[in-house]
Colleague: 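Below is a structure I'd like to ask you about.
Owing to the predicted nature of the structure, the values given are computational and were not obtained by experimental measurement.
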Amino acid sequence: MWQWQSGYLKCDLLAPWPHGFFGKAHAGKLPEQLVNYFGCEQVFRVKQVHGDRCLAGEGGINLSAADGIYTLPASDKCSVWVCSADCVPILLGDRHLGLVAAIHAGWRGTAAGIIPKMLTHLATLGTKLPDLAIALGPAISGANYQVELEVANQVISKIAEPVGITLEPDPNHVRLDLRLVQQQQLLEAGIDLTQIAIAPYCTFRDQDLFFSYRRDRLTAANYSVQWSGIANFVHN
């Protein structure tokens with residue numbers, strides 16, 4: 001289940017962790033301001049480059065080039081953040097260790113395998129797959145995301161069972177549902193379907209709630225994004 005609270009979206013699957021998918025209601029605010037909703041102060045975020053690199057959050061805001069960031073098991077009262085405007089923001093939590101992770105996954109990151117790479121990073125910290133809860137936040141939906149066939153082929157090359165593709169009259173283009181592909185990546189990695197939630201919102205369609213790079217034809221001069229973040233906890 002998904003619900004709105006104080007103008008941001010929450011997922012019941014991530015209830016053990018302070019978290020939120022923020023949209024237009026919090027336009028212009030950075031995680032350093034939004035983190036107050038989580039009851040903690042420390043923020044980790046990266047310089048997103050549409051790649052597959054994942055980093056540990058250490059020593060305050062981390063502006064190294066990456067698209068995934070995670071906390072360490074011993075850290076406390078820390079939050080990790082990613083921004084998006086059509087790409088998929090993915091938040092993960094480990095129910096046993098308390099650590100959390102955030103991924104920015106557009107088609108390039110998905111094709112590069114950033115999701116299974118993040119799972120590998122978490123496994124090195126002691127994460128067991130059954131302990132994970134994963135929420136795929138608001139992003140452009142398959143109905144509104146037309147891409148070149150070459151792009152779609154790169155994305156679905158990372159899954160054994162092709163999903164998320166809808167054919168178009170133009171043989172050089174298809175509709176691509178990134179979140180269905182990402183869910184399939186998770187399933188093929190050993191995650192159970194009950195551990196995954198997909199937000200019932202489309203950034204392109206739900207224009208009163210979210211920014212959309214594709215819908216608004218945004219440029220570097222007026223590029224607006226929404227932030228998604230999650231804070232960890234440490235078991236005694």
Colleague: Go through the steps for N153 and E150 under the test side-chain contact (heavy atoms from CB on, under 4.5 Å), then give the verdict.
Modeller: CA-CA 5 Å; N153 285 337; E150 180 183 353; 5.6 Å; no

Colleague: Any non-hydrogen side-chain atom of L9 less than 4.5 Å from a side-chain atom of W2?
Modeller: yes

Colleague: Please work out whether the ring planes of Y37 and Y8 are parallel, tilted or perpendicular, with thresholds of 30° and 60°.
Modeller: perpendicular

Colleague: How close do M118 and C54 get, heavy atom to heavy atom, and via which atoms?
Modeller: CE-SG, 3.8 Å

Colleague: Counting C-beta onward and ignoring hydrogens, is there a side-chain heavy-atom pair between K24 and L209 closer than 4.5 Å?
Modeller: no

Colleague: Taking S79 for its side chain and Q42 for its backbone only, find out whether a donor-acceptor pair lies under 3.5 Å.
Modeller: yes

Colleague: Is a donor on one side and an acceptor on the other found under 3.5 Å between the side chain of H19 and the backbone of L14?
Modeller: yes

Colleague: Quick one: does V82's side chain get under 4.5 Å of I103's, heavy atoms only?
Modeller: no

Colleague: Quick check: Y145 with W107 (ring centres under 6.0 Å apart)?
Modeller: no

Colleague: In this structure, which one of V35, L91, I69 forms a side chain to side chain contact (heavy atoms under 4.5 Å, CB included) with W81?
Modeller: V35

Colleague: If you define the side chain from C-beta out and look only at heavy atoms, does anything of L92 sit under 4.5 Å from V100?
Modeller: no

Colleague: Is the closest side-chain heavy-atom distance between I159 and E188 below 4.5 Å?
Modeller: yes

Colleague: Going by an N to O cut-off under 4.0 Å, is there a salt bridge joining E41 and K77?
Modeller: no

Colleague: Working to the nearest 0.5 angstrom, can you tell me the gap between L136 CG and I198 CD1?
Modeller: 5.5 Å

Colleague: Under the side chain to side chain contact (heavy atoms under 4.5 Å, CB included) test against T203, which residue among S141, P138, P89 passes?
Modeller: P138

Colleague: Are V49 and L55 connected in the hydrophobic side-chain network, where two residues link if heavy atoms are under 4.5 Å apart?
Modeller: no

Colleague: So do the side chains of Y201 and F210 get within less than 4.5 Å of each other, counting heavy atoms only?
Modeller: yes

Colleague: Any chance you could lay out the side-chain contact (heavy atoms from CB on, under 4.5 Å) test for L122 and D94, step after step, and finish with the verdict?
Modeller: CA-CA 9 Å; L122 297 181; D94 182 320; over 6 Å; no

Colleague: Counting N and O atoms only, with roles assigned by atom type, does the side chain of R95 sit under 3.5 Å from a partner on the main chain of P16, one being a donor and the other an acceptor?
Modeller: no

Colleague: In this structure, which one of Q182, Q154, K158 forms a side-chain hydrogen bond (donor to acceptor under 3.5 Å, both in side chains) with T110?
Modeller: Q182

Colleague: How close do D206 and R215 get, heavy atom to heavy atom, and via which atoms?
Modeller: C-NH1, 4.2 Å

Colleague: Please name the residue in the list T166, I165, V147 that meets the side chain to side chain contact (heavy atoms under 4.5 Å, CB included) test with R175.
Modeller: T166

Colleague: If you measure only the distance, is there a donor-acceptor pair under 3.5 Å linking the side chains of E148 and N172?
Modeller: no

Colleague: How far apart are the closest heavy atoms of D67 and Q48, and which atoms are they?
Modeller: OD2-CB, 3.4 Å

Colleague: Nearest 0.5 Å please: distance from the OH atom of Y213 over to the OG atom of S84.
Modeller: 14.0 Å

Colleague: Taking C-beta and beyond as the side chain, do Q226 and C83 meet within less than 4.5 Å on heavy atoms?
Modeller: no

Colleague: Could you tell me whether the side chain of H26 reaches within less than 4.5 Å of the side chain of W227, counting heavy atoms only?
Modeller: no

Colleague: Considering all heavy atoms of both residues, which atom of S64 and which atom of R53 are nearest to each other, and what is their separation?
Modeller: CB-NH1, 4.2 Å

Colleague: Distance check, rounded to the nearest 0.5 Å: I196 atom CD1 versus I134 atom CD1?
Modeller: 5.5 Å

Colleague: What's the shortest heavy-atom distance between N232 and G98, and which atoms?
Modeller: CB-O, 3.3 Å

Colleague: Distance only, no hydrogens: is a donor on one side chain within 3.5 Å (strictly under) of an acceptor on the other, for D131 and H96?
Modeller: no

Colleague: So does L132 get a backbone contact from the side chain of Q195, meaning a donor-acceptor N/O pair under 3.5 Å?
Modeller: yes

Colleague: Please evaluate residues T127 and L97 with respect to the criterion side-chain contact (heavy atoms from CB on, under 4.5 Å), reporting the C-alpha separation (whole Å), side-chain torsions for both, the decisive distance (0.1 Å), and the verdict.
Modeller: CA-CA 7 Å; T127 290; L97 298 178; 4.0 Å; yes

Colleague: Can V163 be reached from I90 by stepping across I, L, V, M, F, W or Y side chains whose heavy atoms are under 4.5 Å apart?
Modeller: yes

Colleague: With side-chain contact (heavy atoms from CB on, under 4.5 Å) as the criterion, how do H121 and L125 come out once you've worked through the C-alpha distance, each side chain's angles and the decisive distance to 0.1 Å?
Modeller: CA-CA 7 Å; H121 280 286; L125 301 176; over 6 Å; no

Colleague: What is the minimum heavy-atom distance between A101 and Y70, and which atoms define it?
Modeller: CB-CB, 3.7 Å

Colleague: For G142, does its backbone N or O pair with a side-chain atom of R179 as donor and acceptor, under 3.5 Å?
Modeller: no

Colleague: Drop me the distance from I114's CD1 to Q185's CD, to the nearest 0.5 angstrom.
Modeller: 10.0 Å

Colleague: Starting from L30, can I reach V43 by hopping between I/L/V/M/F/W/Y residues whose side chains sit under 4.5 Å apart?
Modeller: yes

Colleague: Using the rule that two of Ile, Leu, Val, Met, Phe, Trp, Tyr join whenever any of their side-chain heavy atoms come within less than 4.5 Å, decide whether L13 and M1 are in one cluster.
Modeller: no

